[in-house]
Asker: 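Let me give you the structure first, and then I'll get to my questions.
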Amino acid sequence: MDRYEPLKIEAKWQKIWDETNAFKATEKKDTPKLFIAEMFPYPSGAGLHVGHVRNFTIVDVLARFYRQQGLNVMRPFGYDTFGLPAENYAIKTSTAPQEITKQNIDNFRKQAKRLGYAVDWSREINTSDPEYYKWTQWCFLQLYKKGLAYQKESYQWWCPEDQTVLANEQVENGHCWRCGHEVEKKKMKQWFFKITEYADELLDEIDSLDWPDKIKTMQKNWIGRSVGAEIDFKVAGIGSLETVSREGNDPSEASEPRNDGRERARSRENQSSYHSVKVFTTRPDTILGATFLVVAPEYPGLDYLITDDTRDAVLDYKKSALKKSEIERQENKEKTGVFTGSYAINPATKEKIPIYVADYVLAGYGTGAIMAVPAYDDRDREFAEKFNLPIIEAKLVDRDLYGTPKTTYKMRDWLISRQRYWGCPIPIAYDKDGNPHPIPEDQLPVTLPEIKDFQPDKSGHSALAKAKDWLKVTIDGEEMTRETDTLDGYACSSWYLWRYASPHDKKHAWDEKAVKYWEPIDIYVGADHAVAHLLYIRFWCKFFADLGLLPFREPIKKLIYHGYINAPDGKKMSKSKGNVIDPLDVINDGYGADTLRTYEMFIGPVELDAAWDPRSVGGVYRFLNRCYNLVFNSDFENTSFEGNPQSLRGLSDEPRKDGREERPEKDGFSKSCRHKTIKKVTTDIYKSQFNTAVAALMEYVNELYKNGAEKEDLTTLAKLLKPFAPHLASEMLEKLGASDEWPTWDDKYLTADTVELIVQINGKLRAKIAVSVDDLEDEAKITSLALSDEKVAKYTNSGIKKSIFVKKAHILNLVV
RNA sequence: GGCCGAGUGGCGGAAUUGGUAUACGCGUUCGACUUAAAAUCGAAUGGAGAAAUCCGUACGGGUUCAAGUCCCGUCUCGGCUACCA
């Protein structure tokens with residue numbers, strides 16, 4: 001009796017795969033390709049966790065499945081290595097982040113190999129490798145050349161703990177996404193990418209993507225397009241011709257934080273030059289009901305709406321509103337505000353209506369001013385009720401009558417400057433007048449200098465500012481000073497999928513031909529970054545498509561977004577709670593990688609979070625053990641496997657315990673069971689329903705134990721099992737002398753000769769009668785068969801009112 | 001507050017999209033093997049009932065020959081978003 005020893009089997013096959021470069025991908029002209037990858041990991045010092053395993057295994061199951069089907073599969077691997085954890089660790093231990101990163105990568109690679117992933121290891125990517133970030137800088141320069149990378153001074157989210165600014169996407173509920181510290185506003189000159197330029201296309205193409213609806217909706221909401229109109233309201237009593245509004249249509253203004261305290265040092269004589277307030281509304285048709293205007297506390301023209309009587313109250317209000325943190329504004333939803341002292345003329349009613357200032361109007365959205373229609377808008381009604389303003393249920397008018405059509409977005413431009421050392425240097429230098437100049441492409445990469453002190457400070461500059469020699473650079477003979485900000489890590493991951501196509505290209509970011517063959521990625525798997533990374537990479541794709549450098553406008557065809565794995569108690573795993581499951585422990589406890597992989601696919605539907613259950617791991621191990629026994633502890637060559645593996649212990653002569661002598665029509669049964677399983681597993685994998693695919697394999701094994709297995713059953717089982725448990729399946733296939741070519745099914749074997757007719761009386765199940773499949777064609781015969789059943793007859797003595805026969809479900813429902 | 005999901009045995013979860021509710025796994029119970037235990041194998045396992053039967057997919061209604069699935073209302077939980085005009 002051979003024992004299933006996963007650790008032995010796995011070591012054997014991993015060695016073979018490693019030594020033969022088994023999963024190297026090359027472009028093959030006449031073979032359909034499939035490019036699949038996970039969102040590459042940030043290699044932390046802790047090594048792989050069970051969430052990584054779920055992520056990577058989904059990719060691996062699909063990669064192996066399609067490979068077995070004969071597709072030319074590319075499944076690369078990479079590491080997203082710039083970022084705060086490595087830098088913070090470097091500060092703590094005075095070790096260079098380069099060194100820490102190298103160690104972590106080595107560990108990740110080793111662990112990923114231990115899981116048996118079918119990776120083309122020649123395509124590894126590391127974003128902090130100068131060979132890689134040279135091209136990240138090149139990408140930046142392309143954006144810069146087209147005016148899509150620009151600088152702007154503005155208030156930005158600042159994390160006092162991490163000493164860096166954050167993008168809007170990195171602020172969660174007023175706190176830093178990394179360290180959880182409450183963020184503040186700081187006025188700084190920062191670099192941005194003009195993602196808003198592509199807002200419409202990013203929005204309009206979402207529906208065409210094969211992505212989960214959840215992610216599509218999140219992106220739509222994030223972009224937040226509102227179609228409406230801008231309407232001018234003349235300010236009563238002030239008589240000049242200029243307009244009060246946010247200046248211009250500069251989309252960069254959209255990045256302005258919401259409660260910035262911008263003060264405009266305008267001279268008093270300018271006061272008379274403002275004579276109207278421009279509002280944005282999505283409901284210009286409700287203008288007859290607009291009974292007052294409201295402007296944000298930061299509204300640029302606010303000073304000129306104030307009268308001597310109201311000055312103190314308004315300025316007080318503004319001051320206190322600006323002092324409030326984002327969180328305080330969120331907590332207190334009670335409407336507050338004060339009358340400015342000015343009135344505007346409603347262009348539709350010609351009524352004179354008051355202008356208020358209130359912090360429920362946001363400076364960063366629309367024009368920073370609204371027309372309040374309390375009859376139609378809950379917030380306006382609340383305000384009106386509190387301040388006793390008229391609420392008029394007016395008729396609707398034509399939308400275009402009083403304003404000009406205008407579309408606005410919630411999405412802001414992407415803030416990319418980071419005041420940290422461990423990032424990709426921004427390839428810019430400043431001349432002595434402070435004007436930015438791009439580093440010429442032939443001087444790339446701008447390499448991170450090796451320094452000793454990584455500690456950032458309040459200066460607003462990264463530790464790079466202390467690398468005095470590095471700062472100096474000569475461009476076109478002119479002495480300049482380098483930019484000390486580094487790029488947001490998301491920039492590095494906004495193009496890596498294209499780098500996978502030609503990861504060693506020294507002349508280009510990506511090779512045109514290779515990209516044309518492999519890209520766009522067919523299946524991308526992840527559990528995070530619904531609006532950040534997945535939006536940024538779409539933006540860069542469109543940009544480079546516009547430059548003619550990519551032959552497609554959407555980078556990701558299909559997205560699989562899976563759930564998290566939680567601790568057995570259902571809570572998030574965390575070091576502090578001490579409930580972390582280490583996948584390597586599971587393997588080394590003797591279960592092996594195959595059990596771990598198969599268990600994580602069996603744990604539940606991909607898209608849902610799941611709780612780790614150590615006992616179920618054991619269940620999956622038992623299943624693989626049974627698979628092993630079928631091949632290694634049965635005499636399938638000579639006889640059909642009969643009964644159970646105990647037969648191998650000399651019990652095979654004993655009669656079956658269940659009294660069944662010989663199963664009738666064994667051939668037909670065996671075939672139908674086999675083909676049913678092939679179909680179920682194949683279609684389930686196509687649908688990413690890995691849990692039910694594994695369940696179907698378990699059912700199949702149970703059947704084979706019960707009814708005996710032919711060699712064909714065992715090769716089929718091994719082939720179907722291989723994506724999930726590749727080591728064991730390879731061992732089985734080797735013993736069976738079979739290839740791993742994916743099996744096909746024939747529907748003709750799926751229909752049995754006899755079928756159970758379900759007889760319902762008034763919709764309730766009353767009898768199951770075995771009938772031949774041919775009889776299903778004849779409703780009259782079916783009905784008489786049913787009526788001749790004793791039990792059915794009992795219910796139908798008094799006649800049948802109606803009879804419904806559903807052939808496909810072999811159900812006969814009799815209404816009495 | 002807004003939008004979107006979800007609610008099925010003791011537990012994780014299935015259910016050909018309107019057609020036998022609870023596949024598969026865990027747990028539990030019984031049996032076989034064993035001096036014994038583990039492992040393994042077999043059987044049983046929604047609830048009530050001696051049984052025929054009845055009741056069961058969060059709750060209340062409805063449509064239908066037939067509802068976990070569709071419609072209306074209520075409750076609960078989760079996710080995203082948060083005064084976006």
Side-chain angles (χ1 to χ4, degrees), chain A residues 1 3 173 213-215 217-218 220-222 224-226 228 258 279-283 286 294 326 329-330 332-335 358-362 364-373 376-380 382-383 408-411 530-531 563 570 599 602-605 607-620 622-623 625-626 629 643-647 649 651 656-658 680 683 689 691-702 705-706 756-768 794 801-806 808-816:
Chain A
M1 172 104 180
R3 262 191 60 211
N173 224 346
D213 287 339
K214 188 178 129 189
I215 310 302
T217 308
M218 280 169 75
K220 279 185 201 168
N221 292 341
W222 186 263
R225 178 163 68 192
S226 292
R258 287 149 199 204
V279 305
F280 174 73
T281 177
T282 55
R283 293 294 307 277
T286 63
V294 187
E326 198 79 356
R329 279 206 188 182
Q330 279 167 16
N332 188 7
K333 292 273 173 80
E334 172 102 8
K335 294 282 176 292
D359 66 4
Y360 83 92
V361 173
L362 304 173
Y365 184 78
T367 61
I370 63 156
M371 66 176 203
V373 187
Y376 288 92
D377 185 283
D378 291 341
R379 294 153 305 185
D380 295 345
E382 210 186 304
F383 193 86
T408 62
Y409 304 87
K410 287 185 208 172
M411 183 170 67
V531 287
Y599 169 65
F602 185 60
I603 196 167
E607 69 277 12
L608 297 186
D609 291 352
W612 187 268
D613 179 3
R615 289 185 298 206
S616 289
V617 178
V620 170
R622 279 192 277 281
F623 158 65
N625 194 32
R626 281 155 77 84
N629 282 336
N644 61 56
Q646 295 221 343
S647 61
R649 296 203 231 156
L651 300 170
R656 293 180 64 105
K657 295 259 160 36
D658 58 10
K680 176 74 178 156
T683 54
Q689 292 174 1
N691 56 331
T692 51
V694 174
L697 289 170
M698 288 172 167
E699 262 183 278
Y700 188 37
V701 167
N702 291 346
Y705 258 63
K706 228 178 268 178
E756 258 183 352
L757 176 71
I758 308 301
V759 185
Q760 297 179 334
I761 310 292
N762 291 341
K764 291 200 172 183
L765 175 68
R766 292 301 178 192
K768 294 181 182 180
K794 206 174 86 188
K801 284 189 195 135
K802 194 172 173 183
S803 154
I804 294 104
F805 178 55
V806 187
K808 111 183 147 159
H810 37 92
I811 282 180
L812 180 69
N813 191 13
L814 302 171
V815 185
V816 297

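Below, chain A is the first sequence line, B the second, and so on; all start at residue 1. Bear in mind the structure is a predicted one, so any value in this text is a computation, not a measurement.
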Asker: A/Lys220: which residues meet the salt bridge (Lys or Arg N to Asp or Glu O under 4.0 Å) condition with it, sequence neighbours left out?
Answerer: A/Asp207

Asker: Can you list everything that forms a side chain to side chain contact (heavy atoms under 4.5 Å, CB included) with A/Thr217? Sequence neighbours excluded, please.
Answerer: A/Asn221

Asker: For A/Asp613, which residues count as a side chain to side chain contact (heavy atoms under 4.5 Å, CB included) partner, sequence neighbours excluded?
Answerer: A/Tyr599, A/Arg615, A/Ser616

Asker: Can you sort out the partners of A/Thr408 under side chain to side chain contact (heavy atoms under 4.5 Å, CB included), two or more places apart, ordered by chain and number?
Answerer: A/Ser226, A/Phe280, A/Tyr365, A/Lys406

Asker: Taking a pair as Watson-Crick (N1 to N3 plus N6-O4 or O6-N4) or G-U wobble (N1-O2 and O6-N3), both under 3.5 Å, which stems of 3 or more consecutive pairs involve RNA chain B?
Answerer: B:1-7 with B:75-81, B:10-12 with B:24-26, B:27-32 with B:40-45, B:46-48 with B:53-55, B:58-62 with B:70-74

Asker: List the residues meeting salt bridge (Lys or Arg N to Asp or Glu O under 4.0 Å) with A/Arg622, not counting sequence neighbours, and say none if there are none.
Answerer: none

Asker: List every contact pair, protein side and nucleotides 44-49 of chain B side both N or O, where the distance is under 3.5 Å.
Answerer:
none

Asker: Tell me, please, which residues at least two apart from A/Arg626 pass salt bridge (Lys or Arg N to Asp or Glu O under 4.0 Å).
Answerer: none

Asker: Return the set of residues passing ring-ring contact (aromatic ring centres under 6.0 Å, His included) with A/Phe383 (not counting sequence neighbours), or none when no residue passes.
Answerer: A/Phe292, A/Tyr356, A/Tyr360, A/Phe387

Asker: Using OP1 and OP2 only, check whether a side-chain N or O of A/Asn702 sits under 4.0 Å from B/rG25.
Answerer: yes

Asker: Please identify each residue that fulfils salt bridge (Lys or Arg N to Asp or Glu O under 4.0 Å) with A/Glu756, with sequence neighbours left out.
Answerer: none

Asker: Would you mind classifying the nucleic acid contact of A/Arg766 as base, sugar-phosphate or nothing, using non-hydrogen atoms under 4.0 angstrom?
Answerer: sugar-phosphate

Asker: Could you work out, with side chain to side chain contact (heavy atoms under 4.5 Å, CB included) as the rule, every residue matching A/Lys802, not counting sequence neighbours?
Answerer: A/Ile804, A/Val815

Asker: So if I define the base as every atom that isn't primed, P, OP1 or OP2, how would nucleotides 2-20 of chain B read as a B/S/- string at a heavy-atom cutoff under 4.0 Å?
Answerer: ----------BSS----BB

